[in-house]
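Letters go in sequence order (proteins before strands), and every chain restarts at 1.
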2 protein chains.
Amino acid sequence: MPVPERLGFHLKRAEQALNAAKNAALRPAGLTVPQYAALLHLAQSPGISAAALARACGVTPPTMNTVLKNLQEQGLIERTPHEWHKNILETRLTAKGAQVMATADANAVRVERGLAGAFSDEERETLIALLARCVEQLEGARSA
Amino acid sequence: MPVPERLGFHLKRAEQALNAAKNAALRPAGLTVPQYAALLHLAQSPGISAAALARACGVTPPTMNTVLKNLQEQGLIERTPHEWHKNILETRLTAKGAQVMATADANAVRVERGLAGAFSDEERETLIALLARCVEQLEGARSA
DNA sequence: GTACGATAGTTAGAGTTCTAATGCGTGTCA
DNA sequence: TGACACGCATTAGAACTCTAACTATCGTAC
């Protein structure tokens, strides 16, 4: 099967280009793409557990653990024990984390807007629908 | 900007699902996705240099170096000095490598066919065109 | 009241990926 | 012929990612 006929090839290329662009946009803020993703979900759901955050970001718990460890070393987040459920660590942005997040988000949104600007509303919806179909098929085949 | 409106989110999800599916398909052969990608291009261009292989796979030379090192340790490839250009190492599949590649490719193609089967010819072309537009926009903005 | 299942968190190990920097070899150009 | 630019290969360091395995805690079911 020739490479250019493989949908996976094109999907991978697009995701790599996106990653490269986001990485460049986030570098000034000192964040990596996964770090930014974690902070983004964290800003919208303060106090979320690491496992829930991992699910939201689509990674495994050990992966999120590494990301959070790096963020904590930079002083961007803090993790405190849950009030009564002692096995849960509540994760929250620090003031510094919220500030870094704000500037990083501005740059990330700029990339997203630039990308979105390359399509009409209809094309954008089509692309999202087709990508959703990819996910559906791939995850369906996984369990079958 | 809400997460579900971000094209990047959907792109990432689709690529993750693809990667998970391919990884599961390649596990029986003992290969990772990048290793398979390298072997695939290597099978089509025997004797290619590591740098050229890196470009074909869309990764940096040090990354390809790591992948090749692992493949070499498994005895799937061999690297010999170039005939007259002494700073180039020609990379080739070993017999064992070609055999592993054959079985792995069968599984990988099965995933690709399954994914392709979720779309009509027209949809497939639309998806590829839209993804190409993503790459174009993202790489264009990068240099601007 | 105890045992079990589900969930959260973590550690260990292997692999991929990047940037930055270095050394080597070839070819070109003055 | 000598200097410089270019490309290949490699090393070092940091970060992300996975699977596998383990521990701890809570809630429930017997």
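- Note: CG (B/Asn87) to P (C/dC24) measures 10 Å, nearest angstrom.
- Residues from residues 62-70 of chain A lying near DNA chain C, meaning a heavy-atom separation below 4.0 Å, are A/Pro62, A/Asn65 in numerical order.
- In this structure, CG of A/Asn23 is placed 10 Å from P of D/dC16, rounded to the nearest angstrom.
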Contacts table for residues 42-63 of chain A: side-chain donor-acceptor under 3.5 angstrom, sequence neighbours left out:
{"unit_1": "A/Ser49", "atom_1": "OG", "unit_2": "A/Ala52", "atom_2": "N", "d": "3.2"}
{"unit_1": "A/Thr60", "atom_1": "OG1", "unit_2": "A/Thr63", "atom_2": "OG1", "d": "2.9"}

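- A heavy atom closer than 4.0 Å to some atom of DNA chain D occurs in B/Ser49, B/Ala50, B/Ala51, B/Arg55, these being the qualifying members of residues 49-56 of chain B.
- Among the heavy atoms of the strands, none lies under 4.0 Å from B/Val33.
- Rounded to whole Å, atom P of C/dT16 lies 13 Å from atom CZ of B/Arg27.
- With D/dC18, C/dT19, C/dT10 as the choices, the nucleotide that has an atom nearest any side-chain atom of A/Pro61 turns out to be C/dT10.
- At whole-Å resolution of the value, CG in B/Leu31 and P in C/dG15 are 12 Å apart.
- The side chain of B/Arg79 lies closest to D/dT10 when the candidates are D/dT10, D/dC18, D/dA15.
- As rounded to whole Å, 15 Å separates atom C1' of C/dT16 from atom CG of B/Leu26.
- If you check D/dC16, C/dG9, D/dC18 against the side chain of A/Thr60, the one that comes closest is D/dC18.
- Closest contact between the side chain of B/Leu89 and the listed nucleotides D/dA15, D/dG7, D/dA9 involves D/dA9.
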